[in-house]
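Values in this document were obtained by computation on a predicted structure and should not be read as measured data. Numbered from 1 within each chain, the chains take letters A, B, ... in sequence-line order.
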Amino acid sequence: MTGTGDAQHVIRARQEKLRRLQELGVEPYAYRYEPTTSAGAAIRDYEAMAGESSVTSRLAGRVRSLRPHGKTTFVHLEDRTGKVQVYFRQDALGDEGYELIKLLDLGDWIGVEGPMFRTRTGEVTLRADKLELLAKTVRPLPYGKEETSETGEVVQHSGFADLESRYRQRYADLAVHPEVRSLFVTRAQVLREIRSFLDERGFLHVETPILQPIYGGATARPFTTYHRALDAELYLRIADELYLKRLIVGGLERVYEIGQVFRNEGIDRTHNPEFSMLEVYQAYADYHDMMDLTEGLVHHIVQEVKGSSVVEYDGNELDFKPPWPRSTWYEALEKHGSLDAYALDVASLRAAALDAGVEGAEDKGRTALLDGLFKALVEDELTGPVIIYDYPVELSPLAKHKRDGDTSLTERFELFVAGREIANAFSELNDPFEQRERFEAQVRMREEEGWEEAHQVDEDYISALEYGLPPTGGMGLGIDRLVMILTDRSSIRDVILFPTLRSG
RNA sequence: GACCGGGUAGCUCAGCUGGUAGAGCAGCGGACUUUUAAUCCGCAGGUCGUGGGUUCGAGCCCCACCCCGGUCACCA
């Protein structure tokens, strides 16, 4: 087993230090500390003062490096804003105070107090008059060493590179990698910008059930669980959709929800069993309005997070400045697959699918062939951002069909970026009679074709539609995938704090 | 699920055609009052993912399994 497992001799040595600290009357696990500044601010303020150093700073953080030199010791203290060097002298701290320095380890949380100065080598440093231990680290953190070369380049020595350990022990990964902390700061910023954008436009942030008696709103297998007191089987939601539209029926008119949904499917670098979705519903709007909303929202997020509309992802420059290219689903297939799929019969489609290497094409029907062709020929080409709209009806049981009367198509679009679906939206089906038929068609597909991802009939949802759902536009956006784009990560696990792993 | 690669000290890795395991950093002891990969001297640290097998002898070869990563498939 790899990872930060047992390090018994190191842990024992640190526990011995803990005992000695207690003998010295030092509480190794403190209750409180009140810093007056942060590492970043202390350095910035000192530099702004141009060398006058009478101010005493109080700083708290983690011991990131330790360089004892007999009666003096240099430490780098790290907090959420960065690192600052701290200089300890035996004559300043007293013999007893300096004993504490000798018992420090990498990773210990400490508080220090003293004036800032600049060392002979020019580094802004806190000269500590006081030291407080805030929490002892008895298990060694897998710190690598950093060397700053003459060119100012930071070179990492050793380090904590094993991906499995980093995901399983994210606390250690975060502790030793400031850039990982910063990625999750970016993720939080994305969530904040989504909320502020929608709040400003009169959308109401709501919460709907995660435990549901009937799941729906997407095509996916659910996780199943059991409620004792109710003696009932419940499902973890696969989407927020049906509950949010109930709220539109109720007159809330503009709602959104941000939260995790759960899909019982495979795990790979773009799929985690639980992932975060934004869903937005707006009364009186259609999918064209949702295209505008999606463009505006995503552009806003990119602009705020990156300070520009351009994002570099996997070596490509993606520009999110609206308007984005828009093309219909069939046009995209024609452009990238050179197929007039709309006009082709099933036999021709099958031939094309076999040609494109679509697995199982021999047994597939028209819809599945179309879908297979789209995935095989088009998706990878959609570097984006690009909006693909007007999907075949079988793929979209909750979307209204095209208003021009072509009932084989629905008013639905997806946003693609870097070959991946980022958002999915449609003019919501609000006809309760047609909705019942679509559900029943899904059930038939489940029963006749064994399609486990098919929708169930949600009678309560149909009742809600019977009370009247106004024309409504809805949109769902995969937050993890958006964060991947913004942080140039190729694995969804990198943008989820605690990704799902096999219990090993 | 299939295929490929990987799992050796706390971390990062090396380990030849099979001969009972090494380095750097971290750790421990010592020296050192402006260092910054601090340096110098000394020491300790390992069920080699797990279980079988072949062999006089296995980190290395064979089989099964576990976990991770990558690619593909699945996710109509």
So which atom in A:K83 and which in A:I43 form the shortest heavy-atom distance, rounded to 0.1 Å? O-CD1, 3.5 Å

Spacing between [X] atom [atom1] and [N] atom [atom2], to the nearest angstrom:
X      : N     : atom1 : atom2 : value
A:E379 : B:C75 : CD    : P     : 12 Å
A:R20  : B:G27 : CZ    : C1'   : 13 Å
A:Q85  : B:A37 : CD    : C1'   : 14 Å
A:R269 : B:C68 : CZ    : P     : 17 Å
A:D268 : B:A2  : CG    : P     : 16 Å
A:L163 : B:C67 : CG    : P     : 17 Å
A:R89  : B:U34 : CZ    : C1'   : 8 Å
A:R67  : B:A26 : CZ    : C1'   : 15 Å

Would you confirm whether the ring centroid of A:F426 sits within less than 6.0 angstrom of the ring centroid of A:Y287?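 When the ring centroids of A:Y287 and A:F426 are compared, they turn out to be at least 6.0 Å apart.
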
Please report whether the ring centroid of A:W329 lies less than 6.0 Å from that of A:F374.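 So the answer is yes for these two rings.
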
What integer number of Å spans the [atom1] atoms of [N] and [M]?
N     : M     : atom1 : value
B:G29 : B:U34 : P     : 23 Å
B:C56 : B:G18 : C1'   : 12 Å
B:C60 : B:A21 : C1'   : 12 Å

Would you mind classifying the nucleic acid contact of [X] as base, sugar-phosphate or nothing, using non-hydrogen atoms under 4.0 angstrom?
X      : answer
A:R127 : base
A:D91  : base
A:K102 : nothing
A:R263 : nothing

With respect to the side chain of [X], which nucleotide from [options] is positioned closest?
X      : options             : value
A:L106 : B:C68, B:A26, B:U35 : B:A26
A:D371 : B:U35, B:A76, B:U33 : B:A76
A:E265 : B:C67, B:U35, B:C75 : B:C75

Please check if any side-chain donor atom of A:Q85 sits under 3.5 Å from a side-chain acceptor atom of A:R64, or the reverse.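 Judged by distance alone, the side chains do not pair up.
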
Where does RNA chain B pair, written as one dot-bracket string 5' to 3', with Watson-Crick or G-U pairs under 3.5 Å, ( ) inside the strand, [ ] for crossing pairs and | for another strand? (((((((..((((.....[..)))).(((((.......))))).....(((((..]....))))))))))))....

Between A:Y87 and A:K375, who's closer to the 5' end of RNA chain B by nearest nucleotide?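 Here A:Y87 is the residue nearer the 5' end.
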
Would you say the side chain of A:T72 and the base of B:U34 hold a donor-acceptor pair, judged only by whether the two atoms sit under 3.5 Å apart? no

By the side-chain hydrogen bond (donor to acceptor under 3.5 Å, both in side chains) test, which pairs, at least two apart or in different chains, include something from residues 482-492 of chain A?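 Qualifying pairs: A:R489-A:D494.
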
